[in-house]
Amino acid sequence: IHCIYIWMAVFLQLIYMRKTILVAALLVVVSCLFGNSAWSASTANVKTHIVKHAVELGIDPALALSIAKTESGFNPNARSSAGAMGLMQLMPQTAESLGVIDAYNPQQNVAGGSKYLKSLLSKYNGNKEMALAAEAGGADAVSLINTLIGMKIDIKRRKFVLANKT
């Protein structure tokens with residue numbers, strides 16, 4: 001059933017001609033051919049699970065896969081020196097806010113991490129760079145940087161306007 005569900009998601013991707021179809025299709029084939037029906041933390045199953053959640057939420061599966069690869073190397077037991085946990089490296093407070101009870105549980109971590117990525121993409125109007133900056137450094141840090149950049153631009157504009165008075 002798991003494979004059928006993923007194949008349907010891949011078919012929907014194909015209908016919309018998304019560029020990530022090749023990645024999703026390859027992951028599905030590997031998972032269905034070499035995986036078993038029970039959940040395991042094998043890399044193929046982890047990748048398939050990430051793709052499934054990304055497709056369900058309408059986010060780019062390649063982006064979600066890149067985050068997991070970069071943050072944890074697809075290791076569900078990864079822990080950063082700052083305290084981020086699991087595949088998507090969720091901080092404890094973030095995990096709790098997303099309803100993740102066990103951040104080292106691959107299914108919970110991917111579900112929570114995907115929801116978090118979706119919320120950041122929504123917050124920054126689909127801007128992947130801003131969403132990734134917020135994911136890495138915190139949304140508050142990105143908001144502060146945007147405020148400072150906006151102030152710097154405003155100061156330059158005001159100086160220009162004052163310098164060009166008639």
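Side-chain atoms are counted along with the backbone in the values below, which use heavy atoms only and exclude waters and symmetry mates. These numbers were taken from a predicted model, which means no experiment stands behind them.
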Would you list the atom pairs, donor with acceptor, under 3.5 Å between side chains in residues 84-100 and any protein atom, with sequence neighbours excluded?
residue	atom	partner	partner atom	Å
Gln89	OE1	Ser80	N	3.4
Gln89	NE2	Ala78	O	3.2
Gln89	NE2	Gly86	O	2.8
Ser97	OG	Thr94	O	2.7

*For His53 against Val110, the heavy-atom pair lying closest together*: CD2-CG1, 3.8 Å

*Where the side chain of Asn109 meets the backbone of Tyr104, is there a donor-acceptor pair that is under 3.5 Å apart?*
no

*Measure the OG-NZ distance between Ser114 and Lys52 for me, rounded to the nearest 0.5 Å.*
10.0 Å

*Provide the full list of side-chain hydrogen bond (donor to acceptor under 3.5 Å, both in side chains) pairs with a residue in residues 68-78, sequence neighbours left out, each pair given once.*
none

_Would you compute the distance between atom NZ of Lys115 and atom CG of Leu120 and round it to the nearest 0.5 angstrom?_
13.5 Å

*Which heavy atom in Ala64 sits nearest to a heavy atom in Ile50, and how many Å separate them?*
CB-CG2, 3.6 Å

*asked:* Among residues at least two apart in sequence or on other chains, which ones pass side chain to side chain contact (heavy atoms under 4.5 Å, CB included) with Lys128?
replied: Asp60, Leu63, Leu121

